[in-house]
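Quick note on labels: first sequence line is chain A, next is B, and so on, each numbered from 1.
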Amino acid sequence: MFGKLMMCGAALLLMVAEARAETIEEKVQACTGCHGEDGKPVDKTIPTIWGQQAGYLYIQLRDFKRGDRKSEIMQPIATQFERDDMLAIAEYFSKKPWPDLGQPRAPKDVAEKAVSASRSVGCPACHLDRFQGDGTVPRLAGMGRDYLAKTIADFRTRARGNNPGMSDLMLATSPDDLAALVDYLAGL
Amino acid sequence: MYVKGLAAFAAAVGVGLLSGAAIAQEVKQEKQSVLGNANVPPVTQEQLNAADKNAKDFLLTNGNYAQTRFYPGKQISRDNVKNLHVAWIFQTDVRESLETSPIVVDGVMYVTTSFSHVYALDAKTGQQLWHYAHKMGPITVYCCGPNNRGVQVLGDRVYLATLDSKLMALNAKTGEVVWTTNIADPELGYSETMAPTVVKDKVLIGTNGGEYGIRGFVRAYDAKTGKQLWNFDTIPENSVGVWATKDATGRDMHRNIQAEKDMLAKIGDPYAKLGGGVWQNPSVDLATNRIYFVVGNPSPDLDGSNRPGDNLYTNSLVSLDLDTGKYVCHFQYIAHDVWDLDAVSPTVLVNVKDKDGKTIPGVIHAGKTGHIYVHDRKDCSLIRFSEAMVPQENMWVLPTKEGARMLPGANGGVEWSPIATDPGQELAYAINLHQPMTYHVESSAYPNGKLWLGGAFKVIPSEKQSGNITAVNYNTGKIKWQVKTPEPMIGGILATAGGLVFTGEGNGKFAAYNSSNGKELWSFRAGAGVNAPPSSYMIGGKQYVVVGAGGNTQIDYKRGNNIIAFTLD
């Protein structure tokens, strides 16, 4: 897995260095190396961006550029973009269909535990009904299981540092409940 | 004001989350506006001034400028309300949280939905006259659902504030956009869910964002042009205050004043990112030309360590001069709040008895603490507070890393839900939540417009939740009657001259109660959460009651998309 990740990152950096993209299609070409030609990420720890909320995608690109969200791969890519580029890229991917990763639905007991935990700290208040997200809040329904697990873990350690409110909520939720949430969200 | 979820307590409501029904909010961007032709005369300022005596229309979000939510018509009465039945149902295109207050102008009804849509309907038949589908910008930042609570009409324009923080005037007849003004930058956490209040050619609007480190405000814009006329920062540059150690009811808030003073010396006044959103309409005193509103919580909600001082004017009643926006007076309920038990329900202007029993102009407000506060309108001073309408325990224990249990939970008491009053009975009617929670604190730096809670409010899943409808005598502070409901209540309530109050529940029940004793006289099952304030009006000699049934994001009640009007045969 690590090797594949490194390859997708290396390919991207090469692409970024060699080509100064002009059109939106050229600009997003770099993204497919990791996020997938068909919207299915090449690695399970990479997020789905096809069909994701445009506002959320924009804010992440902005934060990678600012250094508020750390990623050795994403930061150099985002750094070359101005705000309008980021908004255009975000809009482009938001219009793509959300890919079905074929993840199984969570068993009933796991789903019930997840729903109870999510209501306890108010997840649907921002991620909305059925975790579809809106605006700058991401869709979580059907997101890759491993990416969800990694992101939640990173929020808890604040390694994912660009949303301390999320860190607070994840820290207030037990690891057991969070594990149920990961399975539940991945299977929606 | 932030949103806390609800523990899984009622299967009837809860299963909605698990089912695989269509994902309705996707319609929000796909739907195009449909222009129309509503045959509606212009609304004059004189009509608005006299809205409290007008049983034909329902011109303002809360009935009238005093925001009494007391409807003067009495055709629907305690005797005949049992015969109330559906007149029509209108289904909006947006199946998400529905908090709209329908207004009615000469037979035309204006309702709004989540994501800032507006519909004009024939109030007699429910037929759609036009639909404004707001083209939302990509950046929206909001904590408590994509709600919209309504619009107001003045002249031939409908005024709307949108989730992406724009103020708009629409043509009341056609739904066409007349002007648009940017209120504030949504990327920094500003959003709009409240209905504007329009008076004397001014459009008054506050802002959401208390969970995102904004600096709150109330503003007046020119109704004709959209140009800003004045701005009042709800957080003054000197936000420190008097280092109050007790709340409005005299309870110790366990502040570490020395630590706060040390921090103040180190970082200075924290006013610039201190929050102070304004969630609901101001009331307008036409006689004195003053407005009264309440200001919400400081940012971050639970962590007070980096915001020394009283954090003025958060958690306060504030009065301004209508023409200039200049400060008149304020009263702070909870200084340096770290529980988000803030002030969000609309203020109401009624005559009240002062401490000597003399009748004076008063202003009342229902808090998330579960008290109704009664003030002197002249100087904002507190005359009395009511008995607690919900259980209070362990107040004011400070939030901890592990979580400290305290009642009420952070949704209240009374949330944004407007109260109603019946001046003849000297009663205020409020709907309440009871949600046991633990309060958790974490510390982090200002996150550039991101969610900034400073911890978490956590519903305790094993503890039973409930709600209630409570009638309080505002001249004594005593509870006259209380009806318990199986679930926490959020939405609003209407009182009528027919001796009734109408309100709804998250489980879809919409009911009428005897306003003197709380006896239930009629009910209806709407099929989705009734979490919006009802309105009433008359057409062709018949009284109607109308309410939205679309559920609620904040408490996660079952979503729907219905506007339902009821009448008698």
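In this structure, OH on B/Tyr142 lies 8.0 Å from OG1 on A/Thr136, to the nearest 0.5 angstrom. Residue B/Lys450 holds its NZ atom at 10.5 Å from OG of A/Ser167, rounded to the nearest 0.5 Å. For the atom pair CG of B/Leu453 and CE of A/Met166, the computed distance is 10.5 Å after rounding to the nearest 0.5 Å. Taking CH2 of B/Trp452 as the start and CG of A/Asn163 as the end, the distance is 13.0 Å to the nearest 0.5 Å. Between atom CE of residue A/Met170 and atom CD of residue B/Glu442 there is a gap of 12.0 Å, rounded to the nearest 0.5 Å. Here B/Thr140 contributes atom OG1 and A/Asp134 contributes atom CG; the two are 4.5 Å apart, rounded to the nearest 0.5 Å.
Within a 6.0 Å sphere centred on CG of A/Asp109, other residues, nucleotides and ligands contribute more than 12 heavy atoms.
Side-chain atoms of A/Ser120 come within 3.5 Å of backbone N or O of B/Val459 as a donor-acceptor pair.
Listed by chain and residue number, B/His440 satisfy the side chain to side chain donor-acceptor pair (under 3.5 Å) test with B/Thr438 (two or more places apart in sequence, or in another chain).
For chain A, no part of B/Asn552 is nearby; none of its heavy atoms comes within less than 4.5 Å.
Taking every heavy atom of both residues into account, B/Ser444 and A/Pro164 meet most closely at OG-CB, 3.3 Å. Across all their heavy atoms, A/Leu128 and B/Gly145 have their closest contact at CD2-CA, 4.5 Å. B/Asn448 approaches A/Arg62 most closely through the heavy-atom pair O-NH2, 3.9 Å.
The candidate with the highest count of non-hydrogen atom pairs below 4.5 Å against chain B, out of A/Leu87, A/Asn162, A/Val137, A/Leu57, is A/Asn162.
Residues A/Asp129 and B/Glu96 form a side-chain contact, since some pair of their non-hydrogen atoms from C-beta on lies under 4.5 Å apart. Residues B/Asp303 and A/Asp168 are not in side-chain contact: their nearest non-hydrogen atoms beyond the backbone lie 4.5 Å or more apart.
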